[in-house]
Number of protein chains: 2
Amino acid sequence: MQSTAEENYIKAIYKLSGGGTNAVSTTGLSETLQTKPASVSDMLRKLSAKDLVHYVKYHGVQLTEEGQRVALKIIRKHRLWEVFLVQKLHFTWDEVHEVAEQMEHVKSELLIQRLDEFLGHPRIDPHGDPIPTEAGELRQEEQRVLASLAVEQKGVVCRVKDSQPAFLQYLNRVGIQIGTQLQVVDKIPYDNSLEISIDKSKSVILSSDVLEKIFVINP
Amino acid sequence: MQSTAEENYIKAIYKLSGGGTNAVSTTGLSETLQTKPASVSDMLRKLSAKDLVHYVKYHGVQLTEEGQRVALKIIRKHRLWEVFLVQKLHFTWDEVHEVAEQMEHVKSELLIQRLDEFLGHPRIDPHGDPIPTEAGELRQEEQRVLASLAVEQKGVVCRVKDSQPAFLQYLNRVGIQIGTQLQVVDKIPYDNSLEISIDKSKSVILSSDVLEKIFVINP
DNA sequence: AAATTTATTTAGGCAAACCTAAACTTTAAT
DNA sequence: ATTAAAGTTTAGGTTTGCCTAAATAAATTT
Ligand SMILES: [Mn+2]
Ligand SMILES: [Mn+2]
Ligand SMILES: [Mn+2]
Ligand SMILES: [Mn+2]
């Protein structure tokens, strides 16, 4: 069983290594974890002794198979709690992270199974990131940029590339969120804007600028 | 802001003192917290320095006003999470405690407000214990032991005094839960057992032993 | 009232997770 | 190829929360 600190390190290594492939540097970790490089060296020695990472002094770390398994479990918990906070407790995108950062460390297999069921086995979190399965698989859904959809085609919003408040507020106003059903109604060739129907009802015209920042998966 | 360990001590002091009135002993705390008396002495010194407890060496501790406020907040969180686990995730009585013990330490005012709302502002937890209000008030409903009801009288199960798995499983089998409607059908003077109808249907005979462990409030 | 038992505290230590400062490697620049 | 700069580790220290063993206080017996 890992401590909260260990879990945070493992998750950070996973994220910085882009899924476990690349080696991660001590300073990189110290920055994302808000600690000093010396503390990171300390922890890497410990994680290495527990066979959760491959660690070569002065040359960075990588997760072991076991380390990756652990990382995916924590990420699964984090993202499921984020879905809960947004869908059930009406948190907004920007409010969930800090809380999920704490909840991801609650230890109980049953809890996560039941939470997953309660939420209807969601496949993406409120930021559009995929939720690892109970088996620890992270299947990346094929994502297409909204701009690439043809007339009549449908998609579910899964990701937004710009996180500036002004843009997020704009999306909020037109009624677009992660999970929203979209369908292309018409194409305006003049400026490549599209008329899009939102949740099968009202439709809006989105500029090609906006269309390039929104990604969808198949419904 | 208190650490998880401090919060567990404060909650234990609150519980052992029966709501903050009586002084609590070092050994008492060490037993409920599964630590050694020496560790308790240590922590009491710290809590005293933070003005969360009144501590007189060799003569026990009590919570200060501030300590009581903190205790009630933690208890509120614990019990709300228990309600969530039972009502939304279908945990049973005996499964919730360990998980709630962890969740009660998650820090977020907004989270608890929203959780309370989501659950419909429940007044008692799955063990029948009252849930402190947001203002930190604990209004106790009048409770009677099931053994004291006269023939024909009704009550709603609000509390069970024994939390051993064997006992909880027994109640499960006969169909008694927190919230269950009971009515005394008949009294058997020979051994003070009662015939009780459960949820207006089937009836069972409960021994005086069991009757002493079940509490009801007015329907 | 003294002696004994029980409860509690103090002293000294340990592990986890952090820190600063100094030493050491690696990388980049001259 | 040296030297300088940047990155990393080691050494030594702190705080938190626990421990054991020894000392001390309180309660109980005799
Ligand atoms: Mn975290
Ligand atoms: Mn997320
Ligand atoms: Mn707890
Ligand atoms: Mn409870």
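Here the structure is a predicted model, which means the values were calculated and not measured. Residue numbering restarts at 1 for every chain, and letters A, B, ... go by the order of the sequence lines.
Between A:Phe84 and B:Trp81, the angle of the ring planes lies from 30° to 60°, which puts this pair in the tilted group.
Remark: B:Glu31 pairs with no residue by the salt bridge (Lys or Arg N to Asp or Glu O under 4.0 Å) rule, at least two apart or across chains. For the side chain to side chain donor-acceptor pair (under 3.5 Å) test, residues two or more places apart in sequence or in another chain that qualify with B:Lys107 are B:Glu7.
Neither OP1 nor OP2 of C:dA16 sits under 4.0 Å from any side-chain N or O of A:Tyr9. For A:Tyr58 and D:dT10, the shortest distance from a side-chain N or O to OP1 or OP2 is not below 4.0 Å. Residue A:Ser25 has no polar side-chain atom (N or O) positioned under 4.0 Å from OP1 or OP2 of D:dG7. Between A:Lys46 and C:dA16, a side-chain N or O to OP1/OP2 separation shorter than 4.0 Å is absent.
Checking A:His105 against A:Asn8 by side-chain atom types alone, a donor-acceptor pair falls below 3.5 Å. If you check the side chains of B:Asp191 and B:Ser193, you find a donor sitting under 3.5 Å from an acceptor.
Comparing atom distances between the B:Thr26 side chain and each of D:dT8, D:dG17, C:dT8 picks out C:dT8 as nearest. Which of D:dC19, D:dA26, C:dC19 sits closest to the side chain of A:Asp42 comes down to C:dC19. Here C:dC18 is the nucleotide among D:dT16, C:dC18, D:dT9 with the atom lying nearest to any side-chain atom of A:Ala5. Listed nucleotides: D:dT8, D:dG17, C:dA17. Nearest to the side chain of A:Thr27: D:dT8.
At the heavy-atom level, B:Ser41 lies under 4.0 Å from base atoms of the strands shown. Residue contacts shown for B:Ser39 include a base, since a base heavy atom lies under 4.0 Å away. Counting any heavy atom pair closer than 4.0 Å across all strands shown, A:Ala38 reaches a base atom.
Atom pair A:Asn8:CG and C:dC18:P shows a separation of 9 Å (rounding to whole Å applied). Summarising the geometry, the separation between CG on A:Leu44 and P on D:dT8 is reported as 10 Å, rounded to the nearest angstrom. If you take CG of B:Leu29 and C1' of D:dG17, they are 15 Å apart, rounded to a whole angstrom. Between the CD atom of B:Gln34 and the C1' atom of D:dC19 there is a distance of 15 Å, rounded to whole Å. One can place NZ of A:Lys36 at 18 Å from C1' of D:dG12, the figure rounded to the nearest angstrom. Rounded to whole Å, atom P of D:dC18 lies 8 Å from atom CG of B:Leu33. Atom-to-atom, NZ of A:Lys57 to C1' of D:dT8 comes out at 11 Å; the value is rounded to the nearest Å. For the pair B:Leu47 CG and C:dT9 P, the computed distance is 13 Å after rounding to whole Å.
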